[in-house]
Amino acid sequence: MSEDTVLPIPNLSLAQNYFVLSTPSLEHLHQNARKDLLAGIQADQMAPYYRIVTTTDALELDEALAARMEAENKEELGKIDERLEEAKKTEGETDIADALRARANYLTRIGDKDKAVEAQKLALEKTPGLGSRIDIVLTLVRIGFFFGDHDMITQHLTQAEELIEKGGDWDRRNRLKVYRGLHLLSIRQFKRGGELLLDALSTFTATELISYNDFVASTIISNVLTLNRPDLKKKLIIAPEVIQVLPELPVLADLMKSLYDSHYDKFFIALASTEQTLLKPNRLLAPHARYYVREMRISAYNQLLESYRSLTLDSLARSFGVSNEFVDSELSRFIASGRLHCTIDKVNGVVETNRPSVKNAQYETVIRQGDILLNAVQRLSKVLY
């Protein structure tokens, strides 16, 4: 196998199916998820992973199937171990490293986490080529993604960055951007994660981690939240890579274009659909669904309010296709938390904007930084004199 061939192991779509089956609110997706999870486990003979998912009742335990897969695993590992012993006796270091990688990859494929991690680390120690070493570390990152181990992901992403700085090629640098971007989304760092995904949009090759359509969807979801309107059009709406996939992502097309075109009633509908069909069913984004929806609403309110000194609650409610009571309640909450710069005149039914002056903010920044500098100078003078 070519050194540049990246094996799609472990199969991350199975972890997604397992998440769906473990989430009662996604019951309408359970039938397909159960079918796909079982088919994937059987295809890769994943006896250890099968034992994990059956202990949580995501799948019913079939002892005959488990025994058959365990026998297949034992037989295949026996063959690999024989090749490894033969390589140790008659071959050089390169052949030994190849055999160790084959063993590590098989354990990774079948979902035996502890043994796979141990075997991958041993293969990493014995593998001489920098490119192959980077690939092993990225495989360890994928194992972390597969089992939802954030500490493992963080540790090996740092290790991959260090190796790539020593001379990683263009392809591996770009794949690392995707790995880092998805991890950042999973820990709610949408701005930095979105920037990395956007950087990799035209050079995406990391299909071992995520499908192209899902990658574009993640890129849109993260960047619609963080880009300003001019950049939203320039970097997403008219990007050829996005245009190519948008027909298959109609909900995100509506979300992005309705926000850009200021069709806020359509935007609210698209946002609700995005939450139900793309955020809550996604194991990386589900924990942040409420946060994302709230931040997107704030972004839309700010975008509309920027255009006016004041407007009536009636017109604001009509713009978003909601009731006066809803918009009053929501604006009050966001104003109280300092997220919207406006006031509500309930007597006259008017929302008045009071955006902070940019010059005043700059003046306050200069004063604050000047105070810090003066204090530092005073402390230094006491030391010197």
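A quick note: this is a predicted structure, and the numbers were derived from the prediction, not measured.
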Non-hydrogen atoms of His156 and Leu140 that approach each other most closely: CE1-CD1, 3.6 Å
Test salt bridge (charged side-chain N to carboxylate O under 4.0 Å, His left out) applied to Glu195 and Arg192, step by step: CA-CA 5 Å; Glu195 288 171 352; Arg192 182 61 186 138; 3.2 Å; yes
Step-by-step side-chain contact (heavy atoms from CB on, under 4.5 Å) determination, Asn17 to Asn32: CA-CA 9 Å; Asn17 290 325; Asn32 287 337; over 6 Å; no
Under 3.5 Å donor-acceptor, Ser329 side chain and Phe326 backbone: no
Working for side chain to side chain donor-acceptor pair (under 3.5 Å), residues Glu241 and Tyr212: CA-CA 10 Å; Glu241 298 83 7; Tyr212 183 66; 5.8 Å; no
Name of the residue among Thr154, Asp149, Ile153 meeting side-chain contact (heavy atoms from CB on, under 4.5 Å) with Asp151: Asp149
Parallel, tilted or perpendicular: rings of Phe146 and Tyr49 (30°, 60°): tilted
Pairwise side-chain contact, Ile221 with Asn282, heavy-atom cut-off 4.5 Å (strictly under): no
Check: Arg188 side chain, Pro287 main-chain N or O, donor-acceptor pair, under 3.5 Å: yes
Heavy-atom donor-acceptor pair, Gln303 side chain to Leu259 backbone, under 3.5 Å: yes
Donor-acceptor contact present, side-chain Asn73 to main-chain Gln45, <3.5 Å: yes
Derivation and outcome, side-chain contact (heavy atoms from CB on, under 4.5 Å), residues Leu252 and Leu255: CA-CA 5 Å; Leu252 289 180; Leu255 180 76; 4.1 Å; yes
Salt bridge Arg101-Asp98, side-chain N to carboxylate O under 4.0 Å: yes
Donor-acceptor pair between Glu27 and His30 side chains, under 3.5 angstrom: no
For the student: nearest non-hydrogen atoms of Leu59 and Arg34, plus distance: CD2-CG, 3.4 Å
Whether Phe190 and Tyr292 hold their rings parallel, tilted or perpendicular, with breakpoints at 30° and 60°: tilted
Intermediate values then yes/no, side-chain contact (heavy atoms from CB on, under 4.5 Å), Asp328 and Lys346: CA-CA 9 Å; Asp328 181 17; Lys346 287 293 293 289; 3.0 Å; yes
Flag, side chain of Gln16 to backbone of Arg283, donor-acceptor distance under 3.5 Å: yes
Nearest heavy-atom neighbours spanning Pro48 and Gly111: CB-O, 3.9 Å
For Pro281 against Val20, the heavy-atom pair lying closest together: O-CG2, 4.1 Å
Steps toward side-chain contact (heavy atoms from CB on, under 4.5 Å) verdict (Asp62, Glu60): CA-CA 6 Å; Asp62 181 337; Glu60 289 185 14; over 6 Å; no
Modelled atom types, side-chain donor and acceptor of Gln120 and Asn105, under 3.5 Å: yes
Least distance between heavy atoms, Leu38 atom then Tyr50 atom: CD1-CE1, 4.2 Å
Heavy-atom neighbours of Glu93 CD exceed 12 at 6.0 Å: no
Test side-chain contact (heavy atoms from CB on, under 4.5 Å) applied to Val216 and Asp214, Ile220, Asn213, the passing residue: Ile220
Closest approach of Thr343 to Asn354 (non-hydrogen atoms, all atoms of both residues): CG2-ND2, 3.8 Å
Sidechain N-carboxylate O distance under 4.0 Å for Asp135, Arg172: yes
Any donor-acceptor N or O pair under 3.5 Å, side chains Thr139, Arg142: yes
Thr353 (side chain) donor-acceptor with Arg309 (main chain) under 3.5 angstrom: yes
Quiz item: cation-pi between Arg297 and Phe334, 6.0 Å / 45°: no
